[in-house]
K.L.:
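One structure, as structure tokens, below. Some questions next.
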Amino acid sequence: MCDEHTQEDANETLRKSDGLTRRQFGAISAGVGLTMLLPQVAGAVDVTEADVNINTPDGTADCYFVRPVTGAHAGVLIWPDAFGLRPAFKAMGKRLAESGYSVLVVNPFYRTRKAPVVAEGASFNDPAVREVLGPLMGSLNADTHVRDARAFISWLDAQSSVDKAKKVGTMGYCMGGPIIMRTAGNFPERVGAAASFHGGGLVTDRPDSPHLLIPKMKAQLLIAVAENDDAREPRTKDVLREEFAKARVPAEIEVYAGAQHGWCPPDSQVYNKDQAEKAWSRLLVLFGKTLA
């Protein structure tokens, strides 16, 4: 999960490469549009998008909903990383919708702040940014994850553009990794696929560790692991493989070589296009098998 160690790795990666920083990405995207910076979807369907407000037991969540213009489709719930709902995640949601899904991207910090919670280009290098994001991340826990998942899935199921005969998919980045585990574990009859990208805290020694929910899951999972996360916690992938195997829950678990924590969002300091596209392609395969 985002911390001083992953930021140190990001700084080292930037020193060795000519990649875009999050701030540079924000400046470029303002001119050409984020969707132009991601690969185009083959056979993309026309979509419509809107900012929406969703009532939950804890308040009103500001979210982004994007779906194909016509028809009813499998719903997908996206949990962003620690920087929250922002243009990069809207672009990713739109790209997924162009592949034929009704996609809800949430602001996980709605209880405290509307999105965006930090300025475009914000970095963990900035103490002021850490002062904002640290308490926001700390305000969420297993209970809030489950309450939110219930509210957001219920909202999706109430939309005419969501086919309730199809399973729901969920995907999460960084701190979103534990949330997809809790979503799949607490709503097994509804969730058919769950994907974690550089998720942190999937296996802990706490009684509410996400991996303890694996026996309750009926979904298929994709666990895409950053190389530096694996270097710090090499046992996590092994525990997950053992627990998924024991529960007979299908799961693809892979460490992405050369990919640093945060490599998937296109505005990340360590965005790795090749490995991000590999992870995205595996996501589409997963959803194609389970949400059809």
Side-chain angles (χ1 to χ4, degrees), residues 1 54 56-58 61 63 74-82 101 103-106 108-111 137-157 162 164-225 229 233 235-254 279 282-283 285-287 289-291:
M1 203 171 295
I54 298 175
T56 82
D58 297 337
C63 303
V76 176
L77 175 57
I78 298 181
W79 306 92
D81 60 23
Y101 299 94
V103 182
L104 180 67
V105 189
V106 305
F109 304 127
Y110 70 88
R111 293 170 180 83
M137 289 188 288
S139 69
L140 305 179
N141 54 49
D143 291 336
T144 64
H145 293 168
V146 175
R147 289 201 300 274
D148 284 349
R150 180 181 290 108
F152 295 143
I153 291 174
S154 295
W155 187 89
L156 279 169
D157 282 345
V162 173
K164 288 186 288 186
K166 296 180 177 180
K167 297 287 187 177
V168 168
T170 186
M171 46 199 286
Y173 298 76
C174 180
M175 69 173 203
I179 309 180
I180 67 102
M181 299 280 283
R182 293 188 172 115
T183 302
N186 283 278
F187 306 97
E189 302 302 329
R190 194 69 191 92
V191 179
S196 167
F197 302 97
H198 43 86
L202 304 185
V203 175
T204 74
D205 58 4
R206 294 170 54 91
D208 62 356
S209 177
H211 82 284
L212 298 177
L213 291 168
I214 289 174
K216 297 182 178 181
M217 297 178 186
K218 295 183 179 180
Q220 294 189 34
L221 284 91
L222 169 65
I223 309 293
V225 184
D229 287 341
E233 297 182 359
R235 186 170 173 271
T236 292
K237 65 181 183 301
D238 299 326
V239 171
L240 289 173
R241 285 174 178 146
E242 291 170 6
E243 294 302 316
F244 280 123
K246 283 196 299 184
R248 297 185 179 181
V249 173
E252 176 182 313
I253 302 172
E254 181 177 352
R282 298 310 301 159
L283 173 77
V285 169
L286 173 66
F287 283 179
K289 289 191 303 182
T290 57
L291 306 185

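Quick caveat, the model's predicted, so the values are computed rather than measured. All residue numbers refer to positions in the sequence shown, counting from 1.
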K.L.:
Which heavy atom in Leu104 sits nearest to a heavy atom in Cys63, and how many Å separate them?
P.N.:
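Looking at all heavy atoms of both residues, the closest pair is CD1-CB, 3.7 Å.
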K.L.:
Under a 3.5 Å distance rule, please check whether Lys167 uses its side chain to pair with a backbone N or O of Glu189 as donor and acceptor.
P.N.:
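Here the side-chain-to-backbone pair exists.
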K.L.:
What are the two closest non-hydrogen atoms of Phe187 and Ala149, and how far apart are they?
P.N.:
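That closest heavy-atom pairing would be CE1-CB, 3.7 Å.
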K.L.:
Working to the nearest 0.5 angstrom, can you tell me the gap between Phe197 CZ and Leu222 CG?
P.N.:
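If we round to the nearest 0.5 Å, Phe197:CZ and Leu222:CG are 5.0 Å apart.
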K.L.:
Indicate yes or no: at least one non-hydrogen side-chain atom of His145 is less than 4.5 angstrom from one of Trp79.
P.N.:
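No, their side chains stay 4.5 Å or more apart.
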K.L.:
For the CG atom of Asp229 and the NE2 atom of His198, what is their distance to the nearest 0.5 Å?
P.N.:
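With rounding to 0.5 Å, CG (Asp229) is 8.5 Å from NE2 (His198).
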K.L.:
For a side-chain contact (heavy atoms from CB on, under 4.5 Å) check, start with the C-alpha distance between Phe244 and His211, then their side-chain angles and the critical distance, and finish with the verdict.
P.N.:
CA-CA 9 Å; Phe244 280 123; His211 82 284; over 6 Å; no
K.L.:
I need the Ile253 CD1 to Lys237 NZ distance, nearest 0.5 Å.
P.N.:
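Reported to 0.5 Å precision, the distance equals 10.0 Å.
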K.L.:
State the CD-CE distance between Glu243 and Met217, to the nearest 0.5 angstrom.
P.N.:
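With rounding to 0.5 Å, CD (Glu243) is 10.5 Å from CE (Met217).
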K.L.:
On a heavy-atom basis, which atom in Leu140 and which in Pro108 lie closest, and how many Å separate them?
P.N.:
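Here Leu140 and Pro108 meet closest at CD2-O, 3.5 Å.
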K.L.:
Using only atom types and a distance under 3.5 Å, with no angle test, would you say the side chain of Arg147 pairs donor to acceptor with the backbone of Thr56?
P.N.:
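Answer holds: no.
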K.L.:
Taking only residues two or more places apart in sequence, or in another chain, which ones meet Arg206 in a side chain to side chain donor-acceptor pair (under 3.5 Å)?
P.N.:
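Side chain to side chain donor-acceptor pair (under 3.5 Å) list for Arg206, sorted by chain: Asp208.
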K.L.:
Using the side-chain contact (heavy atoms from CB on, under 4.5 Å) definition, which of the options Leu286, Ile180, Leu240 pairs with Leu221?
P.N.:
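Of Leu286, Ile180, Leu240, side-chain contact (heavy atoms from CB on, under 4.5 Å) with Leu221 is met by Ile180 alone.
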K.L.:
Heavy-atom distance under 4.5 Å between the side chains of Leu291 and Lys166, does that happen here?
P.N.:
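Sidechains of Lys166 and Leu291: no contact.
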K.L.:
If you compare all heavy atoms of Gly185 against all heavy atoms of Lys216, which two are closest, and at what distance to 0.1 Å?
P.N.:
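Looking at all heavy atoms of both residues, the shortest contact is O-CB, 3.5 Å.
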K.L.:
How long is the straight-line distance from CG of Leu213 back to OG1 of Thr183, given to the nearest 0.5 Å?
P.N.:
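Output value for this atom pair is 10.0 Å.
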K.L.:
Atom CG of Asp148 and atom CZ of Arg111: how far apart are they, to the nearest 0.5 Å?
P.N.:
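Atom-to-atom, Asp148:CG and Arg111:CZ are 4.0 Å apart.
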K.L.:
Taking Ser209 for its side chain and Asp205 for its backbone only, find out whether a donor-acceptor pair lies under 3.5 Å.
P.N.:
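Between the backbone of Asp205 and the side chain of Ser209 there is no qualifying donor-acceptor contact (under 3.5 Å).
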K.L.:
Evaluate the side-chain contact (heavy atoms from CB on, under 4.5 Å) criterion for residues Gln220 and Glu252: first the C-alpha distance (whole Å), next the side-chain angles of each, then the deciding distance (0.1 Å), finally the verdict.
P.N.:
CA-CA 8 Å; Gln220 294 189 34; Glu252 176 182 313; over 6 Å; no
K.L.:
For the residue pair Pro210 and Met181, what are the closest heavy atoms and their distance?
P.N.:
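Between these two residues, the closest heavy atoms are CB-CB, 3.7 Å.
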K.L.:
Which word best sums up how the rings of Tyr110 and Phe152 line up, parallel for under 30°, tilted for 30 to 60°, or perpendicular for over 60°?
P.N.:
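The rings of Tyr110 and Phe152 stand perpendicular, inter-plane angle above 60°.
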K.L.:
For Leu202 and Ser196, which heavy atoms make the closest approach, and how far apart are they?
P.N.:
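For Leu202 and Ser196, the tightest heavy-atom pair comes out as CD1-OG, 3.9 Å.
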K.L.:
Strictly by salt bridge (charged side-chain N to carboxylate O under 4.0 Å, His left out), give each pair with a member in residues 176-187 just once, sequence neighbours left out.
P.N.:
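Listed once each, the pairs would be none.
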